[in-house]
Every structure is written in C-alpha cells, then in structure tokens.
J.: 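Take this structure first; my questions come after.
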There are 4 protein chains.
Amino acid sequence: MKHHEQARNKSIEHIKLTALGLFSTQGFAQTSIRKIAKEAGISLGLLYNYFPSKEALLQAIFQQGLADIQASFVLEKVQNPKKRFANYVRQTFQMIQEKRAFWRLLHSIRMQSSIMTLLQTETELTQSFIIQQLSELLTDLEIPDTPSKALLLFATIDGISNHYLLDENYPIMEVGELLIQQYISKP
Amino acid sequence: MKHHEQARNKSIEHIKLTALGLFSTQGFAQTSIRKIAKEAGISLGLLYNYFPSKEALLQAIFQQGLADIQASFVLEKVQNPKKRFANYVRQTFQMIQEKRAFWRLLHSIRMQSSIMTLLQTETELTQSFIIQQLSELLTDLEIPDTPSKALLLFATIDGISNHYLLDENYPIMEVGELLIQQYISKP
Amino acid sequence: MKHHEQARNKSIEHIKLTALGLFSTQGFAQTSIRKIAKEAGISLGLLYNYFPSKEALLQAIFQQGLADIQASFVLEKVQNPKKRFANYVRQTFQMIQEKRAFWRLLHSIRMQSSIMTLLQTETELTQSFIIQQLSELLTDLEIPDTPSKALLLFATIDGISNHYLLDENYPIMEVGELLIQQYISKP
Amino acid sequence: MKHHEQARNKSIEHIKLTALGLFSTQGFAQTSIRKIAKEAGISLGLLYNYFPSKEALLQAIFQQGLADIQASFVLEKVQNPKKRFANYVRQTFQMIQEKRAFWRLLHSIRMQSSIMTLLQTETELTQSFIIQQLSELLTDLEIPDTPSKALLLFATIDGISNHYLLDENYPIMEVGELLIQQYISKP
DNA sequence: AATGAATGAGACTTCATTCAT
DNA sequence: TATGAATGAAGTCTCATTCAT
C-alpha cells in the first residue's frame, strides 16, 4: 500500500516537473498533453489518471510552485533594516534564478486572463503577501511608506525579474545590487 | 482604381484594429482567424486576401505599432535635464495608456520565442533605441552612467508598465511621479 | 470593332498559352485561377470574362490543342509504305517535342476521370482517328492487320511519348528510329 | 500489449487499403482525408494517429506497393530464353491486373513532380531494377543489346499497361502475346 | 473591356479527452 | 495501475467564383 503511494507520488512529481519544463520553454498552449506524456515516458491514459485535465495539471504545478516560493520568503527578523532589505532583494533574485522555469511560466501566462482565472486564488494570496513584506521593509528603512512606494519597489523587482526571464544572460545580481544601493543610500 | 485602393486600405486598417483588440484581450493563440473576421464583419476569405497568414497579420500590426511608438518618442532637447527626464517618463506612461492594446499584446507574447522570432527585426531595433535614450537621460542628470544603471531604470519603467497592463486600475501616473522623484532628488 | 475583336483574341490566346504552361508544369489541380491571371498579367475578373470557369478554360485549351495535332497529321500519300511509316513515326515524335506542354497536360490528366468526362468528345475523336491511321499504315506495310496489332503499335508510340514527357532528356528520336527498324525490317 | 498492436495493425492495413482504392479511382488530390476516414469507417483523428499527413499515407502505400511488386518479380532462371521472356511478359501483365489499383495510382501521379519528389527514393530503385531485368532478357535472346533497345521494350510494356489502366476492358493479355511474338520470332 | 474586393465551402491538421482492455 | 486506440470539434488556410464599380 505504502509502496503504491510512493510510486504514485514519484510519478506525479515526475509529471509535474516534466510539464513545467515544457510549459516554461514552449509555452502552455503550445505544449500538448501528448508531448508531456511522451517526454515523461508514460502513457496518455496514465497522465489522465493523475490529472483530470490539462488545466488541473497547471493548477497543481502552480500550487506547488507558489508554496515553494512562500517557503523561501521568511523575512529574517534579526538584522538591521538595511541588511535585512539587502538580503531580501538578494534572496529574491537568487530564488528566481533557482526556480527560473516556474517564474517563466508565471510571467508568460499572467496576461492571459482565461487561464489566470483558474489560478486566481493562489496567485492573489502570494501577491498581497509580497506587497505586505515590501511595505514592512520600507517602513523599517524609515522611508515614509505610502502604498505607491511599495508598488514602485515591487514593479522594479518584477521588471528586473522579467528581463532576466526573457534573457538568461541578463546581469540580474548586478542590477540587484544597484537596486539595493538606491534604497539604502537614501539620506 | 482609387475606389479599390480606398476600400482595400479601409479594410486593412479595420482588420488590423480589430485583430489588435482581440489579440490584446484574449491573447494571440486564443484568438482564431474566424473570430477576427466575424468581429470585423468580413468574411474569412477576405482577411486572407490581405494577410497571407495569421503571423503576417501579427507582423503588420507590430510594424505599425512600433512605428507609432518611435514616432511618439522624440526627446525634447530644449529643457533642463531634470525636466527633460520628468517629461520623458510622463510621456512614456502617457503613451502606454494611449496604446494600451498594443502594449498588452507585446507584453503577452514576448516570452513566446516561437512567435518572437518573427518579430525580431522590428523589436530589437526599438529596444536598443530605448536603452540608448535612457542612457542619455541619465548622463544628462549627471548620474555616473554605467550600463547597469540604464538597465535598472529600464526594468523599473517596464515593470510599472507591466503592472498597469495587468491591471487597468493601476495608478501608473502616481507611481511614475514617484519614480521621477527618485531620480531627480538625488543629492 | 475589328480592333476590339483583335485585342480580345490576343488576350484569349495569351491566357490559354499561359494557362497551358502552368497546367503543364504544375498540374491542373495545383494551378489556381489566380496564378494564371497574375502570370498572364490580367485581372481575375477579366479572365472570367473570357472563360466562364476553370474547366471551360481547360476545354478551350484542349479544343485548340487537339485541332493543332490533327492538322499536323496529314498522311503523306505519295511515298512507298516503308518511307511513309518512317515519316509518320518521325513526324509524331517531332510534334510531341514541339507541343510538349500540351502533351504533358494530356498525359497528366487522362487518368482523372472526373476531368476527362469534360473532354470526352474531343479526345475520343482524336484517339480513333489515330488508331485508324495506324491501322492503315500497317496494312500498307503488308502486315496482316488485326485490331491488336494496331493497339500494340499505338501502345508503343504512346509509351515512348510518355517516357519522353516524364524526362525531357529521354532519347525519343533514337528510340523512334529503333521502332521504325522493328516494323520495317520484317521479313 | 498484443491487443493494441493487433488493433493498430488492422487499422493501418485497413486505412491503407481504403485509401489506395480511393486514390486509384478518384485521384490523389481529389480524395480528401475525410472521405478516406468515412469510407474506412473510422474517425478523422484516428487516421492522423497513424499517418502524420496525407503525404505520409501515400508514402506508406507506395512503400508497400513497390515491395509487393519487387517480390513478384523473380526471374525464373531455369528455362530457355524465349520461354523466359514470354513468361516475364505474361507475369508482368498478370501482376498489373492483380495490382491494378496501385498501378493506376502510380501512373496517375507520376507526372506530378511535387508529389513524386516524396517518392523518389522508392520509385527510382524499382525503375532501374526493371530496366536491368529487361536488359538481361534481351541479351539472353541474342538481340544485340543497346540501351535504347531496353528503353523501347520498356516503353512498349509501359504503354500497354497504361492503356489497360485507362480502360479496364483493354485486351492486355492479347496484346501481350503479340508483343511476345514480336520479340521471339526474330530471325 | 477591365478591376479586384468579397464570399464561403471545404481542405488538411491538431489536440484535449474518453474508454475498452 | 497502465495502455494507447479512438473521437470530433476547432483551427489555419486555399480557391473557384461573383459582383459592384
């Protein structure tokens, strides 16, 4: 019984990983279920045993991807505000490099409302979670916090990430350091 | 002679406009040629009289869209650097609001390499053109210009635009003003 | 008036010639009416002024082509039988070379019954005309004439023609001489 | 496992046979994939499960058809040259009657270069194989063998076949006997 | 006489999904 | 659990033909 469950989980993980890879490089719409099954080395039918639809597969990938991200984002409370801010930015960009496939998928479909409605619940939570964190960081830096300021910082981080996702050779960490300077060296 | 030309041009413009609207709201892949023809009130065949393929239609839309953009982007040489910078940012966000449909289309497909290869020529020129302008603006502001600094500014502008394109109610001009402050109030 | 008629005839001839060229090299089904009009340098509408349908155009081409052929086929009555036979064969292969385009068209569609029904009247006449001529030639050569003998000779000539039409470099005249020998040197 | 394979093979053979029949009577271009599927009693999609394109289906039919033909063509080495020649001709025409559908298809598309390029590899081999056999037969008959002589014989056989393929009531065997006489009764 | 805009049926092909084994 | 045969709707594109100008 337990053996079965393990095998099942392994298969599921394998499928999700394969699908994520394909979605990320070829796009969600351009990736057929057949391709995924073939690449994963399983049959079409088995894939449908685990995921009742292509969209369900996407949802499963998102659920896990977002959970992973939130897990990475524990604000270190101990340090001084500037260090905390710097670490946060570095951690973020580090994570985006590590989870590049997932982030590419997210950025490539987030403008397709027909798909995003499926993922609304998951993503909205994450989004407000991030805005909340940025807001706290700014407050700690004694920057008079207005909602717009958090939006600007968020847009900047998101823009840098986006350019890195578009171009693997983008100097994300270098630009990240510049961003840190910009916020820390305030008079 | 003239009559045919007029009818032709009117049809072509009408088709491009309709297609841009649909591509922008529903996505390129999700918009069928049939939907475009129906929405434009013409037959499927007529569309193919003017555009030999769906991709050719996209290319035509892009050609015109990018030309429009470049036309909007004449740097005003006369003013002092700070004003010039402020105006540039305001102009940019103004234009993105005016050409929202086109920008949404661009942002929604730029991660799909299979499509982007078709548009490479057009987009690459525009991209380097923008980076060049930003670089000049920074130099004029007496900010020691490094490539990364222009990249950071570009990413910020792009990120703000992106968030506005994702959410029509995003306070783009407000965040824009904050961005201007950030670069102008440097000691 | 007369001027108009001449212009009209010139146009008609031009269209038929252009269409024959395209039908011959690309095939009847593969050649669109549009291609013909464009290649002939006229408008789609004008072509339809002269020919009410694609099939009518084909019929017109056939009518003229077969008339041309029959005109070429006047048996020279004056000579001795062997010379007459030899000349006939040479004339035939000569003509096939001269009217290669038309013959290619004929051979390429004669197995498509859907098209051939349109041309039945024209082709059947020509076919029996040829068989009749071959029959006469064989009688004159004092070869005991049976229907099958004419059929064999016809098949041979047709086979050689066919291979020449399939391959422009086929030594049609050389094989023709061999054929002549075969029938003339009979004991 | 075995069940799937059987179903698969049965389907594939059934489709190829149905398609050959339709291609042969209606022509390749005139036969739509939908017609084939309907006639075969299967869905359109299933056909595409087995053959990735209409052209691939044609290729598969050709591959098998030509293999069948070559298998039929084993020269009987044991007899005297005249008998061997006679048997060869009879066998050939016998086979053409048995595989009439395939031969009609071949003869109906061999002038369409756009299609023939797909089949080049397969057909060229068969063609030179036949010419080689004819050449040997002529040599054995002590007919001074020149390349043209084999070409003439080939053209004759091909011409007879062609006329039989055009008209099911053509007396192919009778004409065949005449052809045999022609080559055997040489002084 | 001449143009080409406009039509719509039909062709090939893809793909998510179901189901018997 | 696992397979892949089977389905059919929908997509892109072609083309002969009509008609207003």
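A note on names: the letters A, B, ... follow the listed sequences, proteins ahead of strands, and every chain is numbered from 1.
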J.: With the threshold set at 4.0 Å, does a side-chain nitrogen-carboxylate oxygen contact exist between C:K16 and C:E13?
T.: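 Looking at C:K16 and C:E13, the cut-off is met.
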
J.: Taking only side-chain nitrogens and oxygens of D:R8, does any of them come within less than 4.0 Å of OP1 or OP2 of F:dA5?
T.: yes

J.: Taking donor-acceptor contacts at under 3.5 Å, does the side chain of C:N49 reach the base of E:dA1?
T.: no

J.: The side chain of A:L44 is closest to which nucleotide in this list: F:dC13, F:dA6, F:dT12?
T.: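 Nearest listed nucleotide: F:dA6.
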
J.: What's the closest nucleotide to the side chain of D:I42 if the choices are E:dC12, F:dT7, E:dT18?
T.: F:dT7

J.: Measure the shortest side-chain to side-chain distance between B:F102 and B:Q64 over non-hydrogen atoms and say whether it is less than 4.5 angstrom.
T.: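 B:F102 does not reach B:Q64 side chain to side chain.
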
J.: Would you indicate, yes or no, if F:dA6 has its OP1 or OP2 atom less than 4.0 angstrom from a side-chain nitrogen or oxygen of D:S11?
T.: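 Answer is yes, contact under 4.0 Å.
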
J.: F:dA6, F:dT1, E:dT7: which one has an atom nearest the side-chain heavy atoms of A:R34?
T.: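 Given the options F:dA6, F:dT1, E:dT7, the side chain of A:R34 is closest to F:dA6.
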
J.: I need the CD1-P distance between A:I115 and E:dA16, as an integer number of Å.
T.: 12 Å

J.: OP1, OP2 of E:dT14 versus side-chain N and O of A:S32: anything below 4.0 Å?
T.: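 Indeed not, no polar side-chain atom of A:S32 lies that close.
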
J.: Is the backbone of D:L118 close enough, under 3.5 Å, to the side chain of D:Q59 for a donor and an acceptor to pair up by distance?
T.: yes

J.: With both distances kept under 3.5 Å, what pairs with F:dT12, Watson-Crick or G-U wobble?
T.: E:dA11

J.: Is there a side-chain contact between C:Y50 and the phosphate of E:dA2, meaning an N or O under 4.0 Å from OP1 or OP2?
T.: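 So the side-chain polar atoms of C:Y50 do come within 4.0 Å of the phosphate oxygens OP1 or OP2 of E:dA2, strictly under.
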
J.: Give a yes or no on whether the backbone of B:M111 and the side-chain of A:H107 come within a donor-acceptor separation of less than 3.5 Å.
T.: no

J.: From CD of B:E5 over to C1' of E:dT3, roughly how many Å is that when rounded to an integer?
T.: 12 Å

J.: Reading DNA chain E from 5' onward, which residue's closest nucleotide shows up sooner: D:S53 or B:G41?
T.: B:G41

J.: Quick one: C:L22 CG to F:dC15 C1', roughly how many Å, whole number?
T.: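 C:L22 atom CG is separated from F:dC15 atom C1' by 15 Å.
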
J.: Find which nucleotide of DNA chain F each of B:K35 and C:P52 is nearest to by heavy atoms, and output the residue with the more 5' nucleotide.
T.: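 That would be B:K35.
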
J.: Please report, rounded to the nearest Å, how far the P atom of F:dA16 is from the CD1 atom of C:I36.
T.: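 From C:I36 CD1 to F:dA16 P: 8 Å.
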
J.: For F:dT17, does OP1 or OP2 lie under 4.0 Å from any side-chain N or O of C:Y48?
T.: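 Result: yes.
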
J.: Please report, rounded to the nearest Å, how far the P atom of F:dA16 is from the CD atom of D:Q30.
T.: 12 Å

J.: Given that both distances must come in under 3.5 Å, which nucleotide forms a Watson-Crick or G-U wobble pair with E:dT21?
T.: F:dA2

J.: Where the side chain of D:S43 is concerned, which of F:dT12, E:dC12, F:dA6 is the nearest nucleotide?
T.: F:dA6

J.: I need the NZ-C1' distance between A:K38 and F:dT3, as an integer number of Å.
T.: 15 Å

J.: Here's a test of your reading of the structure: between B:T31 and C:A29, which maps to the more 5' nucleotide of DNA chain F?
T.: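 Nearest-nucleotide comparison on DNA chain F picks B:T31.
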
J.: Under the criterion side chain to side chain contact (heavy atoms under 4.5 Å, CB included), I'd like the reasoning laid out for B:L105 against B:L58: C-alpha separation, chi angles, the key distance, then a yes or no.
T.: CA-CA 10 Å; B:L105 173 56; B:L58 182 66; 4.0 Å; yes

J.: For a quick check under 3.5 Å, do D:Q30 and D:K35 share a side-chain donor-acceptor pair by atom type?
T.: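 There is no such pair between these side chains.
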
J.: Using whole Å, what does the distance between atom P of nucleotide E:dA1 and atom CG of C:L47 come to?
T.: 14 Å

J.: Between D:I33 and C:L46, which has a closest nucleotide on DNA chain E that is more 5'?
T.: C:L46

J.: In terms of side-chain heavy atoms of D:K54, which of E:dA5, E:dT13, E:dA2 is nearest?
T.: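 Of the options given, the side chain of D:K54 lies nearest E:dT13.
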
